[in-house]
Amino acid sequence: MTGLVLKLAPKERVLINGAVIENGDRRSRLAIMTPNAHILRLRDAIHPEEVNTPVRRVCYIAQLVLSGDAEPSEARMQLLRGIEQLSQVLTDHDSRAHLTQATAAVLEDQHYQALKSLRALLPREERLLAAGSA
């Protein structure tokens with residue numbers, strides 16, 4: 001994550017290497033220069049009680065790596081297995097593109113990018129589950 005720039009809204013919180021940091025009253029930018037720092041925007045965080053769908057489960061694993069609560073080497077197979085299972089269900093072109101990006105990111109230990117690609121699938125999953133229950 002060398003060179004990552006975080007743009008923070010007023011009072012926004014971010015988890016960096018296990019420490020919660022809250023921005024002040026104005027917008028600001030932070031440049032993260034340390035490679036492999038564990039960074040997670042708390043506004044993007046999925047809480048454990050919200051892990052109730054297949055996409056959310058895979059996102060949560062990536063999130064655990066970013067928060068420092070899981071080792072990347074241990075989470076790799078779970079992430080790849082979860083992405084593979086999602087690819088068997090989400091077969092449209094856009095979903096496949098996001099899943100391909102997520103796979104590449106996991107293989108490169110870029111868990112923030114993996115989470116970003118997987119989170120893009122959440123609205124689609126929500127629509128599919130809503131249509132299935134209707």
Self-check item: Working for side chain to side chain contact (heavy atoms under 4.5 Å, CB included), residues R124 and D94
Solution: CA-CA 10 Å; R124 180 168 286 122; D94 286 344; 3.6 Å; yes
Self-check item: CG on L121 to OG on S95, rounded to 0.5 Å
Solution: 5.0 Å
Quiz prompt | Separation between OG of S73 and CG of D109, rounded to the nearest 0.5 Å | solution = 8.5 Å
Quiz prompt | Same apolar cluster: V55 and L80, side chain cutoff 4.5 Å | solution = yes
Quiz item: Restricting to pairs with a member in residues 47-63, which pass side-chain hydrogen bond (donor to acceptor under 3.5 Å, both in side chains), not counting sequence neighbours?
Solution: T53-E125
Quiz item: With no hydrogens and no angle check, is any side-chain donor or acceptor of S67 less than 3.5 Å from a backbone partner on L64?
Solution: yes
Quiz prompt | Distance, nearest 0.5 Å, that separates CD1 of I16 from CG of L6 | solution = 6.0 Å
Quiz prompt | Heavy-atom donor-acceptor pair, H38 side chain to G18 backbone, under 3.5 Å | solution = no
Quiz item: Residues two or more places apart in sequence or in another chain: which of them pass side chain to side chain donor-acceptor pair (under 3.5 Å) with R96?
Solution: none
Quiz item: Taking C-beta and beyond as the side chain, do R27 and P10 meet within less than 4.5 Å on heavy atoms?
Solution: yes
Quiz item: So if you build clusters from Ile, Leu, Val, Met, Phe, Trp, Tyr with side-chain heavy-atom gaps below 4.5 Å, do L42 and L66 land together?
Solution: yes
Quiz item: Roughly how far, to the nearest 0.5 Å, is the CG atom of L86 from the CG atom of L118?
Solution: 7.0 Å
Quiz item: Does any N or O in the side chain of S117 come within less than 3.5 Å of the main-chain N or O of Q113, such that one atom is a donor and the other an acceptor?
Solution: yes
Quiz item: Do V51 and V58 sit in the same hydrophobic cluster, where Ile, Leu, Val, Met, Phe, Trp and Tyr count as joined when their side-chain heavy atoms come under 4.5 Å apart?
Solution: no
Exercise. Give the minimum heavy-atom separation between A114 and A105, together with the two atoms involved.
Key: N-CB, 3.5 Å
Practice problem: Could you tell me whether a side-chain N or O of R76 sits under 3.5 Å from a main-chain N or O of L107, the two making a donor and an acceptor? | Solution: yes
Quiz prompt | Ion pair D44/K116, N-O distance below 4.0 Å | solution = no
Exercise. Calculate, to the nearest 0.5 Å, the distance between atoms NE2 and CG belonging to H98 and D92 respectively.
Key: 8.5 Å
Practice problem: Identify the residue among L40, V65, L79 that makes a side chain to side chain contact (heavy atoms under 4.5 Å, CB included) with L115. | Solution: L40
Quiz item: Are I61 and L90 connected, step by step, through hydrophobic side chains (Ile, Leu, Val, Met, Phe, Trp, Tyr) whose heavy atoms are closer than 4.5 Å?
Solution: yes
Self-check item: Pairing residues for N17 by the side chain to side chain donor-acceptor pair (under 3.5 Å) criterion, not counting sequence neighbours
Solution: none
Exercise. Check whether L99 and V106 end up in the same hydrophobic cluster, where Ile, Leu, Val, Met, Phe, Trp and Tyr are linked by side-chain heavy atoms less than 4.5 Å apart.
Key: yes
Quiz prompt | Gap separating the CD atom of E12 from the NZ atom of K7, nearest 0.5 angstrom | solution = 12.5 Å
Quiz item: Is E84 reaching over with its side chain to a backbone N or O of R81, donor-acceptor style, under 3.5 angstrom?
Solution: no
Quiz item: Any chance CZ of R41 has more than 12 other-residue heavy atoms, nucleotides or ligands included, within less than 6.0 Å?
Solution: yes
Quiz item: For R119 and I46, what are the C-alpha separation, side-chain angles and deciding distance, and is it a side chain to side chain contact (heavy atoms under 4.5 Å, CB included)?
Solution: CA-CA 10 Å; R119 285 184 65 83; I46 297 172; 3.7 Å; yes
Practice problem: Spell out, as yes or no, whether a donor-acceptor pair under 3.5 Å connects the side chain of N23 to the backbone of R26. | Solution: yes
